[in-house]
Enquirer: 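Below you will find the structure I want to go over with you.
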Amino acid sequence: MPAGEESCGISNIVETICRLSPDLLAEVCQHILTYLQGQTRGVDSAEISDTLQRTGVRLDHEALHNVIRFLLLTFRSAGKRNLSGDDLVSWLEEGSNKWPKGCLQVLHRLWSEHGALVHAQQDVQAVLSIGQLVEMQWKLGMAVSSDTCRSLNSPYVCLLLKIVEPSGQILQRSLEMTIAQFQNFHKQFKEMAAVMETV
């Protein structure tokens with residue numbers, strides 16, 4: 001980490017990370033590394049929070065998200081730079097002098113095991129940097145009136161899409177379509193499915 005980042009709260013985040021036992025830190029890092037290797041669709045902070053609470057570690061929502069963001073950024077940056085485990089530890093020590101040896105050993109071991117896979121996945125994502133659809137919900141509704149028309153009686157379809165961006169952040173997008181628009185949307189999806197079956 002660059003020295004200037006120390007004044008931006010990195011010291012507090014490092015102190016929070018150091019409160020975790022080596023096994024707990026390894027488990028949190030494993031969640032993040034699994035995501036960065038493309039094996040999960042995102043980092044589930046609720047699951048990490050539950051794990052921490054079961055072991056008696058209490059972190060507020062903001063502190064937990066800061067830890068996750070810090071570790072994501074650290075591992076992503078190490079992957080982009082193709083750092084070795086030793087280089088990662090040196091880089092972290094440059095950014096903060098508060099790292100205990102036990103934490104650095106955990107990070108060194110996990111990065112030595114998973115760093116090459118993270119780097120390879122980042123190369124793939126650089127080519128395919130688009131979001132992924134994780135969930136789609138829909139409902140059928142009836143618009144009965146509006147400001148300009150007293151009696152619409154017009155059906156519509158509302159779609160809620162959950163998308164994981166390449167950064168790992170999960171976004172929600174909603175769409176409203178008339179029945180005719182939805183039927184066209186459905187027809188296009190059927191055409192895509194038919195083409196995909198031939199591949």
Enquirer: Is the closest side-chain heavy-atom distance between L88 and T74 below 4.5 Å?
Expert: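 Answer yes - side chains close enough.
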Enquirer: Same cluster or not: V106 versus L117, using hydrophobic residues (I, L, V, M, F, W, Y) connected whenever any side-chain heavy atoms lie under 4.5 Å apart?
Expert: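 Shared cluster, no.
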Enquirer: Checking Q37 side chain against L33 main chain: does a donor-acceptor pair fall under 3.5 Å?
Expert: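 Looks like yes, one N/O pair under 3.5 Å.
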Enquirer: Supply the atom-to-atom distance F182 CZ to L159 CG, rounded to the nearest 0.5 angstrom.
Expert: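 Separation between the atoms: 6.0 Å.
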Enquirer: I'd like to know if E113 and R109 make a salt bridge, using a cut-off of under 4.0 Å between side-chain N and carboxylate O.
Expert: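 Yes.
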Enquirer: What is the minimum heavy-atom distance between L25 and I17, and which atoms define it?
Expert: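 L25 and I17 have their closest heavy atoms at CD1-CG2, 3.7 Å.
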Enquirer: With no hydrogens and no angle check, is any side-chain donor or acceptor of R76 less than 3.5 Å from a backbone partner on V118?
Expert: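 It does not hold such a pair.
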Enquirer: I want to check something: taking the side chain as every heavy atom from C-beta on, are E176 and V157 in contact at a cut-off of under 4.5 Å?
Expert: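 Not touching, per the 4.5 Å side-chain cut-off.
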Enquirer: Quick one: does K98's side chain get under 4.5 Å of S11's, heavy atoms only?
Expert: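 Heavy-atom side-chain distance check passes, below 4.5 Å.
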Enquirer: Side-chain contact test, heavy atoms from C-beta onward, threshold under 4.5 Å: evaluate it for Q53 versus R58 and give yes or no.
Expert: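 The answer is yes, as the side chains (C-beta and beyond) meet within the 4.5 Å cut-off.
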Enquirer: Is atom CD of E62 surrounded by more than 12 heavy atoms (other residues, nucleotides or ligands) closer than 6.0 Å?
Expert: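 No.
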Enquirer: Is it the case that Q137 and E135 place a side-chain donor and acceptor less than 3.5 Å from each other?
Expert: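 Yes, a side-chain donor-acceptor pair sits under 3.5 Å.
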Enquirer: Look only at the side chain of Q181 and the backbone of T178, and say whether a donor-acceptor pair between them is shorter than 3.5 Å.
Expert: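 Confirmed, Q181 side chain pairs with T178 backbone.
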Enquirer: Does any non-hydrogen side-chain atom of P22 lie less than 4.5 Å from one of Q105?
Expert: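 No - every pair of side-chain heavy atoms lies 4.5 Å or more apart.
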Enquirer: Report yes if some heavy atom in the side chain of D44 is under 4.5 Å from a heavy atom in the side chain of I48; otherwise report no.
Expert: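 When only atoms from C-beta onward are counted, I48 and D44 do not touch, as no gap falls below 4.5 Å.
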Enquirer: For a quick test of reading the model, state the closest non-hydrogen atom pair linking N66 to R69 and the distance between them.
Expert: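 Minimum heavy-atom separation between N66 and R69: OD1-NH2, 2.7 Å.
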Enquirer: So among V28, V164, I68, which one has a side-chain contact (heavy atoms from CB on, under 4.5 Å) with V43?
Expert: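 With V43 as partner, side-chain contact (heavy atoms from CB on, under 4.5 Å) holds for just one option, I68.
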Enquirer: Nearest heavy-atom pair of V89 and L104: which atoms, and what distance?
Expert: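 Closest approach of V89 to L104, heavy atoms only: CG2-O, 3.7 Å.
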Enquirer: Just verifying a value: how many Å separate H108 NE2 and D87 CG, rounded to the nearest 0.5 Å?
Expert: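 Separation between the atoms: 9.0 Å.
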Enquirer: Please report the interatomic distance CD1(I13) to CD1(I10), rounded to the nearest 0.5 Å.
Expert: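 I13 atom CD1 to I10 atom CD1 measures 4.5 Å (nearest 0.5 Å).
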Enquirer: Where do H65 and S45 land on the side chain to side chain contact (heavy atoms under 4.5 Å, CB included) test, with the steps shown first?
Expert: CA-CA 7 Å; H65 280 275; S45 59; 3.5 Å; yes
Enquirer: Would you check if L160 and W138 make a side-chain contact, meaning some heavy-atom pair closer than 4.5 Å?
Expert: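 Side-chain contact under 4.5 Å: no.
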Enquirer: Quick one: pull up NE2 in H31 and CG in L36 and give me the separation to the nearest 0.5 Å.
Expert: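 H31 atom NE2 to L36 atom CG measures 13.0 Å (nearest 0.5 Å).
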Enquirer: With the 4.5 Å side-chain cut-off for hydrophobic clustering, are L175 and F189 part of the same group?
Expert: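 L175 clusters together with F189.
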Enquirer: Tell me if a side-chain donor or acceptor on S96 pairs with a main-chain N or O of L92 at a distance below 3.5 Å.
Expert: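 Checked: no pair found.
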Enquirer: Starting from the C-alpha separation in whole Å, work towards a yes-or-no answer on side chain to side chain contact (heavy atoms under 4.5 Å, CB included) for S84 and W111.
Expert: CA-CA 8 Å; S84 68; W111 187 251; 6.0 Å; no
Enquirer: Tell me, with the steps shown, if L59 and L52 meet side chain to side chain contact (heavy atoms under 4.5 Å, CB included).
Expert: CA-CA 8 Å; L59 292 181; L52 295 175; 3.7 Å; yes
Enquirer: Any chance you could lay out the side chain to side chain contact (heavy atoms under 4.5 Å, CB included) test for Y156 and I179, step after step, and finish with the verdict?
Expert: CA-CA 6 Å; Y156 68 92; I179 297 299; over 6 Å; no
Enquirer: Is there side-chain contact between Q121 and Q39, with heavy atoms separated by less than 4.5 Å?
Expert: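 Side chain of Q121 against side chain of Q39, heavy atoms only: no contact under 4.5 Å found.
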Enquirer: State plainly whether one hydrophobic cluster holds both M136 and M177, where clusters connect Ile, Leu, Val, Met, Phe, Trp and Tyr through side-chain heavy atoms under 4.5 angstrom apart.
Expert: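 Yes.
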